[in-house]
J.: 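Got a structure for you, questions after.
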Amino acid sequence: MFEELGTTAEGDMLINIGPQHPATHGVLHLVMTLNGETIKKTEPHLGYIHRSIEKMCESLTYRQFVYVTSRMDYLSSHINNHGCSLAVEKAMQIEVPERAQVIRVIMDELTRIASHELWWGAMAMDLGAFTPFFYSFRERETITDIMEETCGARLTMNYICPGGVMMDLHPDFQKRVKSFIALFKSKFDEYNELVTGNIIFQNRMKGVGVLSKEDAISYGCTGPTARGSGVSSDIRKLYPYEVYSKVQFDEVLETGGDSFSRYMVRINEMLQSIKIIEQLIDNIPEGEFQAKTKAVLKLPKGEFYQRVETARGELGIYIVSEGGTTPHRIKFRSPGFSNLSALGHMVKGSKIGDLVATMGTLDLVIPDIDR
Amino acid sequence: MFIIDYIKDIFKGLKSLLTGMKITGYYFTHHKEIITEQYPDNRATLKMADRFRGEVVMIHDEDNEHACTGCSACELACPNGTIKIINKFDVNAEGKKKKAIDTFIYHLELCTMCNLCIVACPTDTIKMEPNFEHSVYDRSKLTKVLNRPGSKIKAGVE
Amino acid sequence: MNSTVIMFYCISAFILGTGILAVTTGKIFRSAIWLLFSMMGIAGLYFWMQMEFIAAVQIIVYVGGIVVLIIFSIFLTQKSGEEMPKPPLTKTIFSLLAAILGFIFSYLLIYQYGFNDGNAPFELKVSDIGLKMLDTGEHGFILPFEVISVLLLAALVGCIVIAMKVKSIEE
Amino acid sequence: MLSLENITNAVHEWLNATLNPTLALLSEFVIVGVLAIALFAVLGLSLVLMERKVAAFIQIRLGPNRVGPFGMFQTVADTLKLIMKEGLTPDGADKFLFNLAPYIVMIAAMMLLAPIAFAKGFQIWDINIGVLFLTAVSSISVIGILMAGWASNNKYSLLGAMRSGAQIVSYELSAGLSIITIVILTGSLQISDIINAQANGWWIFKGHIPVLISFVIFIIAVTAETNRAPFDLAEAESELTAGFHTEYSGMKFALFFLAEYINIFIACAIGATLFLGGWMPFHIGHWEAFNHIMDFIPSSFWFIGKTFFLIFLMMWFRWTFPRLRIDQLLNLEWKYLLPISLVNLLVVALMAVMGWHF
Amino acid sequence: MNEINITDILLVSTALFFVGVYGFFTRRNMITMLMSVELILNSVNINFVAFNKYLFPQNLDGVFFTIFIITIAAAEAAVAIAIIINMYRSHHSVDVEDATDLKY
């Protein structure tokens with residue numbers, strides 16, 4: 001029977017996880033070699049949701065291409081837009097008004113919290129606990145409501161544009177963000193009691209999917225994945241953009257390198273994001289929300305690179321301009337791609353259950369990997 | 001001592017499980033915490049945010065006049081060819097030919113609600129409406145003409 | 001013929017039919033399943049004989065234990081969907097012959113030996129089994145009981161030792 | 001007062017008076033069979049609905065609320081859908097075993113129903129080895145799962161079946177040992193004896209801490225034996241999509257689904273019988289008035305109430321905890337539950353010998 | 001025949017015994033041979049129980065023998081399967097004719 005199903009010469013079982021599988025959160029395809037339940041080899045196959053966003057961007061103007069990037073990592077669409085706008089602004093040397101900068105940072109952090117909320121729920125669901133998903137969505141829904149009110153959309157907002165933000169804040173914005181912070185703080189303990197402290201959860205997470213510091217660097221991991229292994233890689237600290245140099249927050253670092261460390265990094269990052277929002281929400285300066293720019297943006301000839309910290313790690317936007325209204329070539333360095341490449345190394349020798357736990361803490365968004 | 005650690009482990013584990021059960025038990029008994037919306041039932045009271053981007057509409061006033069000059073800035077701003085503008089030439093009172101809009105075609109099925117056309121519009125004649133119930137049985141119904149029949153440009157808009 | 005007799009024939013036919021299938025089927029997994037049914041039929045026979053305790057033990061040990069163990073070993077060692085190679089024809093014929101002749105011989109023996117059925121009522125009480133099991137008196141079974149427990153322990157240890165991977169050789 | 005015992009006795013006498021003994025017995029068989037199947041249908045429908053409602057309230061949702069008042073007929077609609085669906089058999093599957101497996105699981109669940117006392121004097125078969133019978137028959141369902149997993153010709157199913165086999169075989173031990181504690185205290189395997197022994201107090205109250213421990217172990221073990229979360233490794237949705245019933249659809253899937261809920265009901269019924277006194281009403285010492293009021297509640301209500309309380313407990317577990325890994329699952333059994341229940345068994349034996357229980 | 005007596009039961013068990021013997025002779029796979037041995041053991045069990053019930057109703061010896069045989073069968077099956085699995089690891093086969101070495 002095994003020969004019909006496909007086995008290797010050593011009698012190991014080949015099994016396909018995905019492209020349609022509940023644990024891959026999309027169309028990721030993993031070809032695994034199993035010895036019993038122990039994973040010998042994992043090979044990710046990509047390309048099921050490739051939409052050639054980079055190529056599409058070459059035919060769009062500098063105002064238009066920003067919106068496409070919302071569709072890459074749809075959970076941190078603000079941050080993607082932010083990175084693209086920053087790259088264009090850097091190239092054209094546009095001075096963004098202070099108010100727009102603060103708004104952008106608040107939006108980024110709200111997006112980060114929303115993304116981590118969804119990750120938390122989805123990861124708990126991967127481990128078999130369905131209820132946390134609904135609890136995390138309760139808070140996430142508050143954020144999307146705030147977004148809807150100000151930006152006009154819930155997921156792909158396209159709110160940040162080159163030169164500032166598209167519209168001014170909604171009058172209720174500050175009030176609602178403050179009430180969200182209060183709600184989040186009151187519910188945060190539940191997260192720890194329900195999931196973090198749970199003995200089953202801890203046993204599932206600790207010592208699983210270990211990624212050493214050296215491996216994290218050599219695989220090019222960024223974001224919480226790297227910080228869980230003790231690699232300091234927070235772009236907001238290392239290469240501060242906008243007002244991040246002016247706010248107080250800590251880069252969350254854990255040294256364990258296992259799934260639990262990555263989990264704790266993300267959980268604590270939510271608190272740091274709350275801290276940043278708290279500092280800024282009462283101090284949004286008055287003034288313009290958008291710099292005066294021409295209707296048609298023309299980048300000078302040259303190559304421009306800008307990096308931002310998305311909820312998953314470092315997003316790099318590399319623009320090659322020939323001086324026209326559209327980019328000559330665009331390359332995105334997406335965090336999920338590098339993080340996924342470490343997966344095979346991390347799960348080698350562990351069980352199928354561990355694969356799910358590890359993949360959960362990598363927080364993969366497949367459109368971000370495939371683009 | 002091994003035995004004491006063993007028993008301590010068990011009690012710690014049980015305690016962590018019971019704290020989890022306390023939370024789910026709390027929500028089980030407190031039905032007022034339920035947050036789901038009964039969507040088709042609450043249509044009457046459902047209020048979308050003012051800025052919610054559902055579809056592009058053209059503003060007409062009570063005299064069936066709009067402010068669209070047919071400049072096709074929105075058509076240029078649109079990243080995926082959602083808007084097509086067909087112009088005609090009106091003859092105005094002084095006998096001069098003047099460019100004016102004939103049909104403003106809007107492909108809702110292509111629209112990504114990116115708001116770029118609204119920003120680009122120099123006369124603020126189009127806006128986003130918070131209408132999100134777009135499902136139809138025939139795809140061609142999603143191709144809309146935004147300027148109403150018989151409408152004409154407002155006086156004084158250039 | 002009353003219902004008891006009919007039930008006996010049904011149960012016997014079931015046991016023998018599934019037993020024959022178990023030793024003749026080509027697919028090893030199916031063979032294990034037929035064996036399982038045969039075991040369940042034997043448990044049914046014990047129920048028919050009003051030996052409920054034995055029947056329950058039969059189900060627990062054979063159905064819940066041994067057959068599951070066999071199925072596991074099939075999963076671990078076999079390409080279980082394949083047809084097993086058929087035995088050579090001569091072997092089949094001679095085995096069949098041996099089995100049939102042996103059956104006829106035993107049949108004649110049983111038939112000629114007149115059993116004198118006491119027809120005394122027999123009731124199996126679970127408490128009796130327990131008491132006898134730990135009885136040190138004349139008809140007590142304490143010694144075999146202890147021997148069996150030692151055997152079980154030895155089997156347990158032996159299994160672990162045999163099936164354990166020798167790590168030093170592999171590394 | 002409504003009593004099921006009187007009704008059964010009346011039916012029995014009437015049948016014996018009007019028909020000859022064989023026919024009367026046969027018609028009693030038919031009545032019992034029809035009642036059992038009706039019970040299955042009702043249990044399946046109500047437990048699925050209960051599960052969905054419990055899950056919904058825990059997850060701050062409303063749950064099914066469209067079909068009928070409070071969504072009461074949702075499961076009926078679901079059943080209709082499942083009946084009308086095509087039952088696919090995958091290519092390359094062992095068709096005979098594939099189609100047989102759901103019935104094996106279902107029959108095992110049906111056989112378990114026999115010795116359970118639903119109310120005073122309302123029991124199909126008061127067999128003298130009642131508890132042992134339950135333990136024995138409950139081990140048959142693992143065969144059905146192994147068959148389903150193997151015959152599907154699907155690697156997810158095979159892995160699920162292997163997991164399920166290892167899990168059920170090992171958790172049977174501690175479930176059996178915790179049942180044995182009660183057998184030691186009662187001195188009988190017969191269900192009716194066990195219930196009668198609890199006339200002056202349920203074992204969970206009479207038996208001090210050791211019985212409480214064995215109750216906890218029993219609940220954990222039966223949760224694992226019925227493949228419920230947090231021990232649902234055999235179907236582990238996020239790992240094996242649906243485990244051993246990945247390839248099943250339509251009515252065959254419905255049989256698996258139904259058998260799961262029937263097994264839950266039976267496991268909880270056993271727990272209620274052994275530890276919570278079955279249909280015995282709740283009595284407190286010498287509070288005669290209170291005891292009298294308690295007696296007034298029909299015995300079937302007591303049984304159903306206790307069983308559903310335990311079922312609710314299991315549902316509560318399911319919607320709270322994450323799933324264990326396979327090696328942790330076996331660790332839990334062999335390193336924690338089994339040693340504890342062995343020591344606990346000794347303590348209970350000592351307690352029974354010395355007569356320390358009430 | 002209105003009554004089942006011990007001869008009938010003995011016939012059934014004898015038939016089962018020779019079914020097991022047939023399987024044991026024809027099969028070459030260790031697992032299937034083990035299964036045949038189980039059938040043989042079961043037929044013996046039936047005999048013991050029948051003798052106890054019909055011939056010596058005052059004693060429990062047959063019942064006890066059955067219980068002990070079942071126990072030994074369980075131990076035997078466990079050891080046999082451990083050996084089979086171990087052999088599969090080294091020989092990649094469970095055919096009896098491949099098991100010619102005492103040591104490997």
Side-chain angles (χ1 to χ4, degrees), chain A residues 1-2 4-7 13-18 20-25 32 34 36-38 121-139 141 187 190 193-196 198-208 350-357 359-360, chain D residues 51-52 54-63 90-94 149-160 162-163 166 220 227-243 246 315-332 336:
Chain A
M1 180 177 87
F2 288 147
E4 295 159 21
L5 293 172
T7 45
M13 185 155 58
L14 281 174
I15 194 164
N16 293 302
I17 303 274
Q20 293 294 324
H21 190 277
T24 53
H25 301 298
M32 300 211 299
L34 291 182
E37 278 231 9
T38 314
M123 187 218 52
M125 208 156 83
D126 279 349
L127 294 181
F130 288 82
T131 308
F133 191 74
F134 292 88
Y135 294 174
S136 74
F137 258 62
R138 174 185 51 199
E139 275 83 73
E141 205 64 10
K187 300 292 184 192
E190 272 180 17
E193 284 170 18
L194 187 61
V195 172
T196 316
N198 190 305
I199 179 109
I200 302 173
F201 177 79
Q202 292 205 347
N203 281 332
R204 280 299 297 274
M205 287 304 224
K206 279 182 180 163
V208 162
S350 48
K351 304 268 185 289
I352 300 178
D354 294 338
L355 170 91
V356 176
M359 219 150 64
Chain D
E51 170 109 271
R52 294 176 69 171
V54 168
F57 287 142
I58 281 178
Q59 294 171 345
I60 45 180
R61 298 185 282 122
L62 272 178
D91 191 29
D94 192 328
W150 179 81
S152 298
N153 193 22
N154 178 320
K155 275 179 269 193
Y156 289 130
S157 303
L158 189 67
L159 279 174
M162 295 278 274
R163 283 177 174 193
I220 294 174
N227 283 328
R228 294 275 298 176
F231 307 103
D232 61 342
L233 285 126
E235 35 210 285
E237 193 217 310
S238 57
E239 294 159 30
L240 304 177
T241 57
T246 306
M315 287 176 179
W316 196 357
F317 291 156
R318 172 166 182 181
W319 299 109
T320 306
F321 300 136
R323 184 185 302 120
L324 277 82
R325 205 169 57 210
I326 181 74
D327 54 332
Q328 289 164 355
L329 180 95
L330 298 178
N331 267 353
L332 174 69
Y336 291 92

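Bear in mind the structure is a predicted one, so any value in this text is a computation, not a measurement. Chain identifiers are assigned alphabetically (A, B, ...) following the order of the sequence lines, protein sequences preceding nucleic acid strands; residue numbering begins at 1 within each chain.
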J.: In terms of heavy-atom proximity below 4.5 Å to chain D, should A:Asn16 be classed as side chain, backbone, both, or neither?
T.: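 Just its backbone gets close to chain D.
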J.: Given that the side chain runs from C-beta out, which part of D:Ile326 has a heavy atom under 4.5 Å from chain A: side chain, backbone, both or neither?
T.: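 Answer is side chain: those atoms of D:Ile326 sit under 4.5 Å from chain A.
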J.: Which bit of A:Leu355 is near chain D, if near means a heavy-atom gap under 4.5 Å: side chain, backbone, both or neither?
T.: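 Nothing of A:Leu355, per the 4.5 Å heavy-atom cut-off to chain D.
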J.: Considering only heavy atoms, which portion of A:Asn198 lies under 4.5 Å from any heavy atom of chain D: side chain, backbone, both, or neither?
T.: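 Just its side chain gets close to chain D.
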J.: For A:Tyr135, does the six-membered ring have the charged nitrogen or CZ of A:Arg138 within the cation-pi criterion, i.e. under 6.0 angstrom from the centroid and within 45° of the normal?
T.: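 Yes, cation above the ring, under 6.0 Å and within 45°.
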J.: Is chain D contacted by the side chain of A:Val208, its backbone, both, or neither, given a heavy-atom distance below 4.5 Å?
T.: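 A:Val208 touches chain D through side-chain heavy atoms alone.
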J.: Contact between D:Trp316 and D:Val54 at the side-chain level, heavy atoms closer than 4.5 Å - yes or no?
T.: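 Of all side-chain heavy-atom pairs linking D:Val54 with D:Trp316, none is under 4.5 Å.
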J.: Is D:Arg228 positioned over the aromatic face of D:Phe317, cation under 6.0 angstrom from the ring centre and no more than 45 degrees off axis?
T.: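 Relative to the ring axis of D:Phe317, which defines the angle, D:Arg228 lies outside at least one limit.
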J.: Determine the minimum heavy-atom distance between D:Pro90 and D:Ser152, stating which atoms define it.
T.: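 Scanning both residues completely, I find the closest heavy atoms to be CG-O, 3.7 Å.
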J.: Which of parallel (below 30°), tilted (30 to 60°) and perpendicular (above 60°) describes A:His21 and D:Tyr156?
T.: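 Geometry flag for D:Tyr156 against A:His21: tilted rings.
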J.: Among A:Val195, A:Ile352, A:Val356, which residue has the highest count of heavy-atom pairs closer than 4.5 Å to chain D?
T.: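 Highest number of heavy-atom pairs under 4.5 Å: A:Val356.
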